[in-house]
Amino acid sequence: EPEVTQTPSHQVTQMGQEVILRCVPISNHLYFYWYRQILGQKVEFLVSFYNNEISEKSEIFDDQFSVERPDGSNFTLKIRSTKLEDSAMYFCASSGQGAGEQFFGPGTRLTVL
Amino acid sequence: ILNVEQSPQSLHVQEGDSTNFTCSFPSSNFYALHWYRWETAKSPEALFVMTLNGDEKKKGRISATLNTKEGYSYLYIKGSQPEDSATYLCAFTLNAGNNRKLIWGLGTSLAVNP
């Protein structure tokens, strides 16, 4: 059964460093999402991506964040200069239709020291 | 502010008990309600997507209902088993174009004791 994969499963970085979180969505899906969950808080929407551009982004997704689909299979989230408060579980999701079920990867736990 | 509330926050039941959780969401501009099951270190697994008022869906021992007029959904588990232990998350999407970001509740953490 097709599934969304994410790498790495855990990333530890120093404050101010750049990180790239990688996702491979389900191959025929067209809509891609990043969410995150800070420990003990609700899952939060970060950004959605369709047709090679951002379709919506939240207030969290500031200039330090960017997304890219560099090669038609990977979908990456880059944080340019990490802050302590970026520590969270980051989930990638994909969907075949804009309004359809979203399929999630297992997440990347980002720890910023 | 768009807010999704789930209750209870956590629940401990004995194997064989039936249980239910509540999700409440804003009823205006509603498009769909999603239930996910999330076990630690695994991907959140979609259980149900419901869009119509009065929808009822069932998957094995798990079922869900939807009331869009009053803005709530119930998730029922009949005859809980230890493998049902997980966090159950609900999320809703707005009727806003083709972009369907999920707006999440905090989840209900279920522990089923053998």
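Chain identifiers are assigned alphabetically (A, B, ...) following the order of the sequence lines, protein sequences preceding nucleic acid strands; residue numbering begins at 1 within each chain. Fair warning: this is a prediction, and the values are worked out from it, not measured in the lab.
Residue-environment remark: NZ (Lys59(B)) exceeds the threshold of 12 foreign heavy atoms within 6.0 Å. Atom NZ of Lys42(B) has 12 or fewer heavy atoms from other residues, nucleotides or ligands within 6.0 Å. By the neighbour-count criterion of 12 heavy atoms within 6.0 Å, atom CG of Asn28(A) is densely surrounded, having more than that number from other residues, nucleotides or ligands. Crowding of Glu83(B) atom CD: a count of heavy atoms from other residues, nucleotides or ligands under 6.0 Å exceeding 12. More than 12 non-hydrogen atoms from other residues, nucleotides or ligands lie less than 6.0 angstrom from CD of Gln14(B).
Contact of the Tyr36(B) side chain with the Phe104(A) side chain is registered, since non-hydrogen atoms from C-beta on lie closer than 4.5 Å.
The backbone N or O of Lys101(B) lies less than 3.5 Å from no partner atom in the side chain of Gln102(A), so there is not a single donor-acceptor pair.
Taking hydrophobic clusters as Ile, Leu, Val, Met, Phe, Trp and Tyr residues chained together by side-chain heavy-atom distances below 4.5 Å, Leu21(A) does not share a cluster with Phe103(A). In the hydrophobic clustering of this structure, Val24(A) does not group with Phe75(A); members are Ile, Leu, Val, Met, Phe, Trp, Tyr whose side-chain heavy atoms approach within less than 4.5 Å, directly or through other members. No continuous path of ILVMFWY side-chain contacts below 4.5 Å connects Val12(A) to Val19(A), so the two sit in separate hydrophobic clusters.
Contact detail for Pro106(A) and Ser43(B): the closest heavy-atom pair is N-OG, 3.1 Å.
Interface with chain B: from residues 34-44 of chain A, residues Tyr35(A), Gln37(A), Gly40(A), Gln41(A), Lys42(A), Val43(A) qualify, criterion being any non-hydrogen pair under 4.5 Å.
Interatomic distance, Ser48(A) OG to Leu102(B) CG, rounded to the nearest 0.5 Å: 10.5 Å.
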